[in-house]
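Data block below; observations after.
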Amino acid sequence: MGAVPHVVYRAFTIDYHGKSNKLRTQITISNGERSITGTALWDTGATTTCISESVAQQLSLVPTGMMNIQTPSSTKSVNTYLVNVGLPNHLNVNDVQVCDTDIGKQGLEMLIGMDIITLGDFSVSNYNDKTVFTFRVPSKEKNDFVPQSNIDNIVGPTHGKGKTKRRKKR
């Protein structure tokens, strides 16, 4: 019987002031020799992580190939590159294939797509009129809100010293 490997989890949480419909984080993009810091938008509708064309120029990135991407307005061929991505709280993702796009016009250096998001657990909550976004790599467990919702709907809130108040059936 072999030894159980030790898994190291990395995570971060961003608390926004009020509700936010855009999940943004500070990031570092590196080619191993040079790096730049900037802002990334997390986009569950994007399959691939993208960098701005100016980031590719600033880092003197050499294209590794080309790919076709579909944006809301068009389909086009773009260059691909390999970069290292530094996320908040020392969470690093190395050798990410990214493509260059015109996201710099939106004041972004990077758009983080599902290729990075699916590496771990991703959650957004809006609690007390405040958006909280958290991300953990690697994935640790299945998140499923249905069982707890079903229990809450049957049992109801607790009252007094740990006693629960049953809801009347209608």
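None of the values given here were measured: they were computed from a predicted structure.
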Expected output: side-chain Asn84 to main-chain Asn92 donor-acceptor under 3.5 Å
no
Could you pull out the closest heavy-atom pair between Ile117 and Phe135, with the gap in Å?
O-CE1, 3.5 Å
Shared hydrophobic cluster for Trp42 and Ile27 (ILVMFWY, side-chain gaps under 4.5 Å):
yes
If you apply the rule side-chain contact (heavy atoms from CB on, under 4.5 Å), what do you find for Val55 with Met110, and how did you get there?
CA-CA 9 Å; Val55 166; Met110 177 172 275; over 6 Å; no
side-chain contact (heavy atoms from CB on, under 4.5 Å) with Gln97: which of Thr49, Leu82, Asp115?
Leu82
Between Ser123 and Thr134, do the side chains contain a donor N or O and an acceptor N or O under 3.5 Å apart?
no
Any sub-3.5 Å donor-acceptor pair from Tyr16's side-chain atoms to Leu23's backbone N or O?
no
Examine distances only and state if a side-chain atom of Asn31 and a backbone atom of Leu61 form a donor-acceptor pair shorter than 3.5 Å.
no
Here the pair of heavy atoms bringing Leu108 nearest to Ala40 is CD2-C, 4.3 Å
Looking at Glu109 and Thr39, would you say the former's side chain and the latter's main chain have a donor-acceptor pair under 3.5 Å?
yes
When clusters are formed by joining ILVMFWY residues with side-chain heavy atoms under 4.5 Å apart, either directly or through shared neighbours, do Ile69 and Val83 land in the same one?
no
Counting only heavy atoms not in Arg10, do more than 12 fall under 6.0 Å of its CZ?
no
Transitive ILVMFWY side-chain link Val137 to Val132, under 4.5 Å:
no
Can you give me the closest heavy-atom contact between Ser139 and Asp121, atom names plus distance?
OG-OD1, 2.6 Å
To the nearest 0.5 Å, what is the distance between OG1 (Thr48) and CG (Asp43)?
11.0 Å
Side chains of Thr101 and Glu53: do they bring a donor and an acceptor to under 3.5 Å?
no
Would you say Asn89's side chain and Leu91's backbone share a donor-acceptor pair under 3.5 angstrom?
no
Start with the C-alpha distance between His6 and Val8, add both sets of side-chain angles, then the distance that settles side-chain contact (heavy atoms from CB on, under 4.5 Å), and finish with yes or no.
CA-CA 7 Å; His6 176 71; Val8 176; 3.8 Å; yes
Looking only at heavy atoms, the pair that brings Ala46 and Leu111 closest together is CB-CD2, 3.4 Å
Step through the shown structure and confirm whether more than 12 heavy atoms of other residues, nucleotides or ligands are within 6.0 Å of CD on Glu33.
no
Taking Thr131 for the side chain and Ser20 for the main chain, is one N or O donor matched with an acceptor at less than 3.5 Å?
yes
Closest non-hydrogen contact found for Ile103 with Cys50 is CD1-O, 3.8 Å
Of all the heavy-atom pairs spanning Cys99 and Val78, show the shortest one and how long it is.
CB-CG2, 3.5 Å
Would you compute the distance between atom CG of Leu119 and atom CE of Met114 and round it to the nearest 0.5 angstrom?
10.0 Å
Would you say the side chain of Asp15 lies within less than 4.5 Å of the side chain of Lys130, judging by non-hydrogen atoms?
yes
Polar side-chain atom of Asn79 near backbone of Asp100 as donor-acceptor pair, under 3.5 Å
no
Give the cluster check for Leu41 versus Phe12: same hydrophobic cluster or not, with ILVMFWY residues linked at side-chain heavy-atom distances below 4.5 Å.
no
Starting at OH of Tyr81, measure out to CG of Leu59 and round the result to the nearest 0.5 Å.
10.5 Å
